[in-house]
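For reference, the structure is listed below as structure tokens.
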Amino acid sequence: MRIGELAERTGAPARMLRYYEQHGLIAADRSPNGYRDFPEATVERVGQIRGLLDAGVPVKIIKQILPCLDGPGQIYFPVPDPEMLAQLAEQRDRMTRKAECVLKNRDAIAAYLDRVSGTTA
DNA sequence: ATTCTTACA
DNA sequence: TGTAAGTA
């Protein structure tokens, strides 16, 4: 499929999809006209990439664990590289801190909503 | 009409 | 990310 359709189906702007391709996160064939031709599987792949990106994982890291991404949310290394494990551990800690922050704000918003609904409804 | 590349702020 | 130019 072309970039426009992929953009619609993934919610990621065409510009970002080109960006992902530049960084080797996704691959595309080229039509005779020069247009990118993405495999069907790219839709799910972009979904995984966005999940990682939203979680705060830098493209640099995603690039390394991408070939190990399979089913939704599964990562595994047949041959663990000590350097990479250190990076992943650091990444895990950042994600933990971020998750705590997100939960805190979620609770704040939830509490506000409860108050308002009690006032309005 | 859609996409492509490049580049600056 | 918004934007613009000049193509195919």
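Throughout, protein chains are lettered first and strands after them, A, B, ... in sequence-line order, and every chain is numbered starting at 1.
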Can you check nucleotides 4-8 of chain C for protein contacts, nitrogen or oxygen pairs under 3.5 Å, and list what you find?
none

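One can place CZ of A:R18 at 9 Å from C1' of B:dT5, the figure rounded to the nearest angstrom. Rounded to whole Å, the distance from CD on A:E8 to C1' on B:dT2 is 12 Å. We find that CD1 of A:I3 is positioned 14 Å from P of B:dT2, with the value rounded to whole Å. Taking atom OH on A:Y19 and atom P on B:dT5, their separation rounds to 16 Å, with Å as the unit. A straight line from CZ of A:R30 to P of B:dT3 spans 13 Å, rounded to a whole angstrom. Between the CG atom of A:L6 and the P atom of B:dT2 there is a distance of 16 Å, rounded to whole Å. Between the P atom of B:dT6 and the CD atom of A:Q22 lies a distance of 8 Å, rounded to the nearest Å. For the pair A:R36 CZ and B:dT2 C1', the computed distance is 13 Å after rounding to whole Å.
For the pair A:V46 and A:R50, the minimum side-chain heavy-atom distance is below 4.5 Å. Between A:K60 and A:H23, every side-chain heavy-atom pair lies at or beyond the 4.5 Å cut-off.
Between A:E40 and A:R9 there is a salt bridge, with a side-chain nitrogen of the basic residue lying less than 4.0 Å from a carboxylate oxygen of the acidic one.
Summarising the geometry, atom CG belonging to A:N105 is positioned 12.5 Å from atom CD belonging to A:E100; distances are rounded to the nearest 0.5 Å. To the nearest 0.5 Å, atoms CD1 (A:I49) and CG (A:L17) are separated by 9.0 Å.
Proximity of a side-chain donor or acceptor of A:D37 to a complementary backbone N or O of A:M1 within less than 3.5 Å is detected.
With a 3.5 Å ceiling on both atom-pair distances, B:dT3 lacks any Watson-Crick or G-U wobble partner.
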